[in-house]
There are 2 protein chains.
Amino acid sequence: MSIKNAPEQAVNPLALENQVCFSLYSATNAMIRAYRPLLDELSLTYPQYLVMMVLWKEPGISVKTLGEKLHLDSGTLTPLLKRLEAKELVSRGRSELDERVRVLHVTEAGRELHQQALTVPEQMRCKVGGTLEDLAQLKQLCDQAFAMLNSGEATSCEM
Amino acid sequence: MSIKNAPEQAVNPLALENQVCFSLYSATNAMIRAYRPLLDELSLTYPQYLVMMVLWKEPGISVKTLGEKLHLDSGTLTPLLKRLEAKELVSRGRSELDERVRVLHVTEAGRELHQQALTVPEQMRCKVGGTLEDLAQLKQLCDQAFAMLNSGEATSCEM
DNA sequence: AGTTAATACATTGCGCGCAATTAATGTGTG
DNA sequence: CACACATTAATTGCGCGCAATGTATTAACT
């Protein structure tokens with residue numbers, strides 16, 4: 001995706017420096033890299049950390065609901081949850097009302113991790129820098145882009 | 001990474017809705033998903049598309065330089081380039097001056113892809129929506145975050 | 001010249017993301 | 001009840017990202 005920042009002359013749309021998406025992509029990779037040393041302390045990957053965040057707040061949730069919150073599917077979550085189960089941080093039970101659904105819970109060890117995790121957000125805030133306004137705006141623009149990309153809608157384009 | 005958007009009350013830093021990084025992560029995943037149908041036409045993945053963008057502009061480049069531009073290493077690029085070579089879009093020669101360095105070129109078929117690729121940026125712009133100002137700002141904030149995350153610098157934190 | 005160090009790339013291994021398919025359970029309808 | 005259909009997860013396969021390690025080539029130094 002390109003933006004025109006030199007409207008007076010023809011801009012190559014297929015140039016890296018004009019690609020918003022490449023900036024997004026690179027920033028996300030850098031962000032996940034920056035999380036790694038912090039999350040190594042908890043023996044978690046970034047996606048696993050996201051899952052734990054949900055489970056800390058909403059124990060007993062299903063894989064489906066977890067997937068809706070994280071925008072991930074069972075192809076990603078099932079093996080990830082098995083790894084968390086192998087680390088004994090999460091239990092993967094089954095609902096009694098509906099044998100199809102997994103009921104996810106944090107174990108005692110998983111609950112203890114929450115204490116250690118409390119310092120992570122502030123440490124990351126230091127790493128990314130920027131003002132709170134910058135961060136709020138970045139979040140808002142990402143959420144807006146996400147919403148558009150997920151609803152097949154198209155703006156004033158040719159249709 | 002969390003932001004405080006309700007300063008009057010205690011905000012859980014480990015809540016998904018307060019995580020800038022989760023928004024970034026989800027937006028990037030959505031963006032790559034949105035590229036997929038467009039790039040399927042060119043039989044390219046998004047990272048392969050990025051590589052082609054660089055090679056269209058700078059034929060004869062090395063793996064190292066390519067990696068610096070895309071912020072990727074040989075562990076990612078070597079197999080990716082082999083796949084592009086298998087599709088006969090790219091050739092992986094060797095420098096005559098230094099037998100270690102790979103000299104990357106686009107094949108004739110690869111050059112032809114450039115024509116097809118020209119419509120991709122505008123199609124993506126339609127999908128993400130938002131004003132040009134929004135997009136420019138999103139790019140700027142991502143670039144800023146990337147720069148901070150890649151230079152071990154820390155802002156006014158405890159150190 | 002000979003040893004050491006640095007450089008460029010390749011390889012291995014692991015954990016995602018996700019499309020596509022399958023399996024098991026549940027629901028609804030005649 | 002029988003059958004079609006939907007729903008929930010699991011499975012398979014592939015392509016990244018990246019850490020860690022290996023290998024071949026070049027550079028540097030004495």
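So that the names make sense, note that chain A is the first sequence line, chain B the second, and so on, each numbered from 1.
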(message) The criterion is salt bridge (charged side-chain N to carboxylate O under 4.0 Å, His left out); which residues satisfy it with A/Asp98, sequence neighbours excluded?
(response) A/Arg100
(request) Determine which pairs satisfy ring pair (Phe, Tyr, Trp, His ring centres under 6.0 Å) with at least one residue from residues 77-102 of chain A, sequence neighbours left out, and list them in order. (result) none
(message) Tell me every residue that passes side chain to side chain contact (heavy atoms under 4.5 Å, CB included) with B/Glu58, counting only those two or more places apart in sequence or in another chain.
(response) B/Ile61, B/Lys69
(request) May I have the distance from A/Leu81 (atom CG) to D/dT11 (atom P), rounded to whole angstrom? (result) 12 Å
(request) For A/Glu96, enumerate each residue passing the salt bridge (charged side-chain N to carboxylate O under 4.0 Å, His left out) test, keeping only those at least two apart in sequence or located in another chain. (result) none
(request) With sequence neighbours left out, write down each residue that passes side chain to side chain contact (heavy atoms under 4.5 Å, CB included) with B/Thr76, or none if nothing qualifies. (result) B/Leu72, B/Asp73
(request) For DNA chain C, find the residues of residues 51-63 of chain B with a heavy-atom distance under 4.0 Å and give them by number; none if there aren't any. (result) B/Ser62, B/Val63
Acceptor/donor pairs from residues 37-45 of chain B side chains to any protein atom, 3.5 angstrom cut, sequence neighbours excluded:
unit_1: B/Thr45; atom_1: OG1; unit_2: B/Gln48; atom_2: N; d: 3.2

(request) For A/Val106, enumerate each residue passing the side chain to side chain contact (heavy atoms under 4.5 Å, CB included) test, keeping only those at least two apart in sequence or located in another chain. (result) A/Met52, A/Leu55, A/Trp56
Nucleotide N/O of nucleotides 25-29 of chain D paired with protein N/O under 3.5 Å:
unit_1: D/dT25; atom_1: O2; unit_2: B/Arg100; atom_2: NH1; d: 3.3
unit_1: D/dT26; atom_1: OP1; unit_2: B/Glu99; atom_2: N; d: 3.0

(request) Whole angstrom is fine here: how far is it from CZ in A/Arg94 over to C1' in C/dA24? (result) 9 Å
(message) So, using side chain to side chain contact (heavy atoms under 4.5 Å, CB included) as the criterion, who are the partners of B/Ala30 when residues are at least two apart?
(response) A/Phe146, A/Leu149, A/Asn150, B/Arg33
(message) Once salt bridge (Lys or Arg N to Asp or Glu O under 4.0 Å) is applied, what residue pairs with a partner in residues 78-88 of chain B remain, sequence neighbours excluded?
(response) B/Glu85-B/Arg92
(request) Can you check each nucleotide of nucleotides 15-20 of chain C against protein heavy atoms at under 4.0 Å and return B for base, S for sugar-phosphate only, - for none, in 5' to 3' order? (result) SSBBB-
